[in-house]
Protein chains: 2
Amino acid sequence: MSDSTDLKKAGLKATLPRLKILGILEEPRARHMTAEDVYKALLDMGEEVGLATVYRVLTQFESAGLVIRHNFEGGRSVFEINHGGHHDHVVCVECGEVFEFYDPAIEERQRRVAEALGFHVDSHSLYMYGTCLGMKREGRCSKKGIPGTGVS
Amino acid sequence: MSDSTDLKKAGLKATLPRLKILGILEEPRARHMTAEDVYKALLDMGEEVGLATVYRVLTQFESAGLVIRHNFEGGRSVFEINHGGHHDHVVCVECGEVFEFYDPAIEERQRRVAEALGFHVDSHSLYMYGTCLGMKREGRCSKKGIPGTGVS
DNA sequence: TTTTTGCATGGGAATCGTTCTAGTTTACAC
DNA sequence: GTGTAAACTAGAACGATTCCCATGCAAAAA
């Protein structure tokens with residue numbers, strides 16, 4: 001299905017900025033990007049899109065369920081395309097690498113906890129912060145956020 | 001043990017702002033507060049402490065392990081006193097109420113996931129967002145953040 | 001097709017939470 | 001008590017995000 005159809009389904013007009021932004025986020029190498037990352041990617045493509053529009057569109061995408069917003073440590077939001085399957089994150093604070101995982105047992109226990117509290121869960125997030133294998137083994141994490149991960 | 005001793009142990013001078021802020025966070029009703037909440041509490045007590053000092057002190061307390069910083073949805077940081085026992089959080093997005101829980105099974109699974117990735121975990125956070133029992137049962141959540149929770 | 005209507009956009013200003021800077025004050029070892 | 005490094009205050013600065021508004025554009029109505 002085309003991006004254009006995805007947008008219409010979400011009740012959003014298929015405008016150029018929205019199509020471009022969706023396209024960027026769908027690239028496999030995109031993974032986790034800040035609004036700024038997306039903005040820079042647009043500029044690199046030669047598109048004249050305002051930063052305000054990027055923020056507006058990302059928020060709309062989030063409401064429409066097309067992307068997931070994460071509030072990793074550090075204050076700024078990072079976005080990733082929503083491929084449907086929920087997963088949690090492991091973030092290397094040294095190199096910014098982000099790993100994803102899904103553990104049915106954890107999901108189930110969370111569901112039980114919420115149930116016991118009589119709580120209706122809209123969303124949940126689980127992040128682990130630390131240092132990745134590369135760091136331990138070779139000390140080669142750059143200590144600077146990897147471009148495109150939105151983590152520094 | 002006095003707050004003053006706690007601070008010295010953490011390698012921090014026992015200054016008036018630090019003692020007052022620690023005192024505020026230790027009150028049972030404090031639970032989860034933003035820097036702004038703490039600042040307002042100080043003003044209410046008639047203390048002349050700058051907002052910048054509140055931020056600086058909270059960050060120092062975090063480094064010293066005296067408080068835990070959380071990045072709940074919404075961008076701003078909330079702080080809670082560290083009583084030693086790790087726990088996770090359930091946040092009602094309607095009334096701002098925060099519930100705490102600890103699930104050994106979840107902790108164990110997380111440990112395993114990190115191990116499998118060869119990842120060294122410094123910290124982890126698990127938040128569930130939704131609506132609490134009060135909301136469902138009586139619709140009495142105020143739709144506005146409860147003062148002192150730092151959540152809105 | 002032309003007109004109307006209303007959402008979308010871009011750019012800059014505004015806002016929010018947070019951190020930095022400069023100059024002054026304070027805690028605490030001696 | 002005194003000296004010195006650390007901590008303080010107020011306000012400016014900062015980065016991320018949102019707001020504002022004049023302009024643009026595309027679907028609906030005429």
Side-chain angles (χ1 to χ4, degrees), chain A residues 3-5 7-8 10-22 32-43 45-64 66-67 69-79 144-145 149-152, chain B residues 2-22 32-43 45-64 66-67 69-79 145 149-152:
Chain A
D3 287 357
S4 177
T5 322
L7 288 173
K8 300 240 180 69
L12 298 167
K13 283 188 201 166
T15 64
L16 186 137
R18 299 214 261 235
L19 285 169
K20 291 291 178 188
I21 292 171
L22 192 52
H32 303 86
M33 303 178 83
T34 62
E36 193 78 28
D37 289 334
V38 173
Y39 179 60
K40 285 193 186 126
L42 284 165
L43 293 188
M45 294 166 71
E47 296 298 336
E48 298 259 324
V49 173
L51 183 53
T53 300
V54 174
Y55 275 103
R56 198 163 349 100
V57 168
L58 286 173
T59 302
Q60 289 163 342
F61 284 4
E62 187 196 7
S63 303
L66 293 172
V67 306
R69 179 198 299 258
H70 298 287
N71 301 289
F72 288 157
E73 283 180 355
R76 58 183 138 179
S77 297
V78 311
F79 300 83
K144 293 214 62 174
T149 60
V151 176
S152 56
Chain B
S2 74
D3 287 358
S4 177
T5 322
D6 287 339
L7 289 173
K8 298 239 180 69
K9 257 193 173 177
L12 298 167
K13 283 189 197 169
T15 65
L16 186 138
R18 298 214 261 236
L19 286 168
K20 291 292 177 187
I21 292 172
L22 192 52
H32 303 86
M33 303 178 83
T34 61
E36 193 77 28
D37 290 334
V38 172
Y39 179 59
K40 285 192 187 129
L42 285 165
L43 293 187
M45 293 166 71
E47 297 297 336
E48 298 261 323
V49 173
L51 182 55
T53 300
V54 173
Y55 276 103
R56 189 159 10 87
V57 168
L58 286 173
T59 302
Q60 288 163 343
F61 283 4
E62 186 196 7
S63 303
L66 292 173
V67 307
R69 180 197 300 256
H70 297 287
N71 302 290
F72 287 159
E73 282 181 356
R76 59 182 137 182
S77 298
V78 311
F79 300 84
T149 61
V151 177
S152 57

Would you mind reading off the distance between [X] atom [atom1] and [N] atom [atom2], rounded to a whole angstrom?
X: Gln60(B); N: dT19(C); atom1: CD; atom2: P; result: 12 Å
X: Met33(A); N: dA16(D); atom1: CE; atom2: C1'; result: 16 Å
X: Leu42(B); N: dA10(D); atom1: CG; atom2: P; result: 12 Å
X: Asn71(B); N: dT17(D); atom1: CG; atom2: P; result: 13 Å
X: Glu48(A); N: dT23(D); atom1: CD; atom2: P; result: 18 Å

Smallest separation among heavy atoms of [X] and [Y], with atom names:
X: Ser77(A); Y: Asn71(A); result: OG-OD1, 3.5 Å
X: Leu58(B); Y: Val67(B); result: O-CG2, 3.8 Å
X: Ala10(B); Y: Leu66(B); result: CB-CD1, 4.3 Å
X: Tyr39(B); Y: Val49(B); result: CE1-O, 3.0 Å
X: Val78(A); Y: Thr34(A); result: CG1-CG2, 4.0 Å

Would you list the protein and nucleotides 23-30 of chain C atom pairs, both N or O, that sit under 3.5 Å from each other?
unit_1  : atom_1 : unit_2   : atom_2 : d
dC28(C) : OP1    : Ala14(B) : N      : 3.2

>> So if I take the C1' atoms of five pairs at each end of the helix from dT1(C)-dA30(D) to dC30(C)-dG1(D) and get each local axis, what angle do the two axes make, rounded to 10 degrees?
In response: 30°
>> Do Thr15(B) and Leu7(B) have side chains that approach each other closer than 4.5 Å (heavy atoms only, starting at C-beta)?
In response: no
> Would you call Asp37(B) and His32(B) a side-chain contact if the rule is heavy atoms closer than 4.5 Å?
Replying inline: no
> Got a second to check how far Phe61(A)'s CZ is from Leu12(A)'s CG, nearest 0.5 Å?
Replying inline: 6.5 Å
>> Taking any heavy-atom pair under 4.0 Å as a contact, classify Arg56(B): base, sugar-phosphate, or nothing.
In response: base
>> So if I take every side-chain heavy atom of Arg18(B) and compare against dA8(C), dA7(D), dG10(C), which nucleotide ends up nearest?
In response: dA7(D)
>> Could you work out, with side-chain contact (heavy atoms from CB on, under 4.5 Å) as the rule, every residue matching Ala41(B), not counting sequence neighbours?
In response: Ile24(B), Met33(B)
> Of all residues at least two apart in sequence or in a different chain, which pass the side-chain contact (heavy atoms from CB on, under 4.5 Å) check with Leu16(B)?
Replying inline: Lys20(B), Glu47(B)
Please produce a list of atom pairs where a protein N or O lies less than 3.5 Å from an N or O of nucleotides 12-18 of chain C.
unit_1  : atom_1 : unit_2   : atom_2 : d
dG17(C) : OP1    : Arg76(B) : NH1    : 3.0
dT18(C) : OP1    : Ser77(B) : N      : 3.0
dT18(C) : OP2    : Tyr55(B) : OH     : 2.5
dT18(C) : O5'    : Tyr55(B) : OH     : 3.4

> Got a sec, which pairs hit side-chain hydrogen bond (donor to acceptor under 3.5 Å, both in side chains) with one end in residues 50-61 of chain A, sequence neighbours left out?
Replying inline: Arg18(A)-Gln60(A), Thr59(A)-Arg69(A)
> Is there a side-chain polar atom (N or O) of Thr53(A) under 4.0 Å from OP1 or OP2 of dG10(C)?
Replying inline: yes
